[in-house]
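Side chains included, hydrogens not; waters and symmetry mates left out as well; all remaining heavy atoms used.
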Amino acid sequence: MSGPVPQTAVGVVASFDFTRDRELWRWAPEEVSLYLARTDPVSMADSLRMVSDLNDPGLLARPTREVTREPIGSRVVLYSCTACSFVGGLERERALCDAMRAAGAPTALTTSGAMVAALRALGAGRVAVVHPYVAPIGARLSDFLVEAGLDVVASRGLGLESRVIGAVDYDTTAELITAGDHPDAEAVFVSCTALPTYDLIAPLERELGKPVVTANQVGIWAALRAVGVAATGPGQRLLTVASGQAKTSVT
């Protein structure tokens with residue numbers, strides 16, 4: 001017997017409240033191991049304040065070191081939190097990547113940076129956005145996409161506080177996506193790493209006739225492409241259409 005398949009280490013820094021570890025693993029092929037570390041906790045009393053606190057580059061040094069130190073040695077580190085990486089705009093997203101690189105990440109990515117890279121790779125300049133957030137956070141998401149040069153033709157949210165988003169089920173997420181699509185949109189982006197989406201993407205793409213890209217999908221897609229590995233997701237357009245290397249930050 002030749003032994004187990006040699007592994008490529010991919011580091012993921014998640015927010016302290018992240019509960020979708022298993023979903024991330026579904027995009028990882030057999031030769032990839034995901035190593036997750038979480039940020040220190042912040043207050044959940046106010047959702048905008050919470051994601052703004054998690055937009056602090058200073059929170060990323062410790063968990064980045066955890067997933068890059070030997071013997072783990074992750075070759076790329078993803079900050080897997082959408083709102084935490086878009087709420088401060090492009091400049092702050094770049095600062096988050098800089099902080100991870102300073103802490104030892106050979107390549108650093110954020111979910112929001114991966115979101116923009118994925119939409120560009122798909123040639124989707126006009127996008128409909130759906131999200132579970134309260135209105136002020138949803139507005140920051142649209143602002144981020146516009147700042148990155150994309151056209152937000154529609155935005156729809158559930159208006160939920162962060163502490164309850166993790167309880168959203170597939171039916172609610174699917175209804176949000178179909179209701180939030182727009183005829184002018186070339187793709188639908190589903191924000192928030194707390195939402196379950198893996199099994200919804202391919203069926204909804206067939207139904208809507210356009211790409212449906214989601215937060216956890218784009219993050220793992222970008223992280224794996226950075227190390228030259230394809231993500232696994234049968235029938236998902238992003239994984240079959242887009243090609244080339246993901247950028248480490250939004251430019």
Side-chain angles (χ1 to χ4, degrees), residues 23 27 51 80-87 89-90 93 109-160 165 168-222 225 231 233-244 246-247 250-251:
E23 173 152 293
W27 278 287
V51 296
S80 184
C81 184
T82 329
C84 310
S85 51
F86 70 62
V87 72
L90 290 181
E93 190 274 340
L109 302 163
T110 71
T111 304
S112 294
M115 162 184 67
V116 174
L119 292 168
R120 288 175 176 167
L122 287 164
R126 299 188 304 276
V127 60
V129 174
V130 299
H131 61 81
Y133 313 125
V134 293
I137 299 176
R140 297 284 186 96
L141 171 56
S142 293
D143 290 344
F144 183 90
L145 287 165
V146 170
E147 188 180 3
L150 298 165
D151 183 10
V152 178
V153 299
S155 178
R156 188 180 187 94
L158 294 175
L160 298 178
I165 291 174
V168 174
D169 59 19
Y170 266 164
D171 287 343
T172 302
T173 303
E175 291 170 3
L176 175 66
I177 294 168
T178 55
D181 185 25
H182 188 280
D184 293 337
E186 296 168 320
V188 180
F189 176 69
V190 187
S191 192
C192 193
T193 57
L195 290 184
T197 60
Y198 186 92
D199 296 304
L200 298 177
I201 295 170
L204 285 173
E205 288 183 325
R206 291 193 296 269
E207 178 182 340
L208 300 177
K210 65 186 65 174
V212 174
V213 292
T214 77
N216 285 325
Q217 179 200 42
V218 300
I220 297 300
W221 165 81
R225 287 214 308 173
Q236 297 178 14
R237 291 196 189 188
L238 175 63
L239 310 187
T240 58
V241 174
S243 61
K247 296 180 183 299
V250 182
T251 56

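By the salt bridge (Lys or Arg N to Asp or Glu O under 4.0 Å) test, Glu23 pairs with no residue at all, sequence neighbours left out. The side-chain contact (heavy atoms from CB on, under 4.5 Å) check on Asp171 picks up Asp169, with sequence neighbours excluded. By the side chain to side chain donor-acceptor pair (under 3.5 Å) test, Thr111 pairs with no residue at all, sequence neighbours left out. With sequence neighbours excluded, no residue forms a disulfide (SG to SG under 2.5 Å) with Cys192. Here Ala135 pairs with nothing under the side-chain contact (heavy atoms from CB on, under 4.5 Å) rule; sequence neighbours left out. For the salt bridge (Lys or Arg N to Asp or Glu O under 4.0 Å) test, no residue two or more places apart in sequence or in another chain qualifies with Arg156. With sequence neighbours excluded, the residues that form a side chain to side chain donor-acceptor pair (under 3.5 Å) with Asp199 are Arg26, Tyr170.
Looking at every heavy atom in both residues, Ala83 comes nearest to Val51 through CB-CG1, 3.7 Å. When all heavy atoms of Val218 and Ala114 are compared, the closest pair comes out as O-CB, 3.4 Å. Summarising the geometry of Thr193 relative to Thr82, their closest heavy-atom pair is N-OG1, 3.5 Å, with the distance given to 0.1 Å. A pairwise comparison of heavy atoms in Thr110 and Ser85 identifies CB-CB, 3.7 Å as the closest pair. In this structure, Arg126 and Asp184 approach most closely via the heavy-atom pair NE-O, 3.0 Å. The two residues Gly180 and Val130 have their closest heavy-atom pair at CA-CG1, 3.7 Å.
In this structure, CD1 on Ile177 lies 7.0 Å from OG1 on Thr197, to the nearest 0.5 angstrom. In this structure, CZ in Phe189 is found 12.0 Å from CG in Leu122, a value given to the nearest 0.5 Å. With rounding to the nearest 0.5 Å, the separation of CD1 in Ile220 from CG in Leu238 is 12.0 Å. Remark: Leu160 CG to Ile137 CD1 distance equals 10.5 Å, nearest 0.5 Å. Leu200 contributes atom CG, which lies 9.5 Å from atom CG of Leu195 (distance to the nearest 0.5 angstrom). Note: Arg237 CZ to Ile201 CD1 = 12.5 Å, rounded to the nearest 0.5 Å.
Counting only residues at least two apart or on different chains, no side chain to side chain donor-acceptor pair (under 3.5 Å) pair has a member in residues 142-153. Sorted by first then second residue, the ring-ring contact (aromatic ring centres under 6.0 Å, His included) pairs that include residues 194-218, not counting sequence neighbours, are Trp27-Tyr198. Residue pairs that meet the salt bridge (charged side-chain N to carboxylate O under 4.0 Å, His left out) test with at least one member in residues 200-220, sequence neighbours left out, are Asp181-Lys210. Residue pairs that meet the ring-ring contact (aromatic ring centres under 6.0 Å, His included) test with at least one member in residues 110-140, sequence neighbours left out, are Phe86-Tyr133, His131-Tyr133.
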Apply the test side-chain contact (heavy atoms from CB on, under 4.5 Å) to residues Met115 and Phe144: give CA-CA distance (whole Å), side-chain angles for both, the deciding distance (0.1 Å), then the verdict. CA-CA 11 Å; Met115 162 184 67; Phe144 183 90; 3.7 Å; yes
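For the residue pair Glu93 and Ser112, no side-chain donor N or O sits within less than 3.5 Å of a side-chain acceptor on the partner.
In this structure the side chain of Leu119 reaches within 4.5 angstrom of the side chain of Leu145, judged on heavy atoms.
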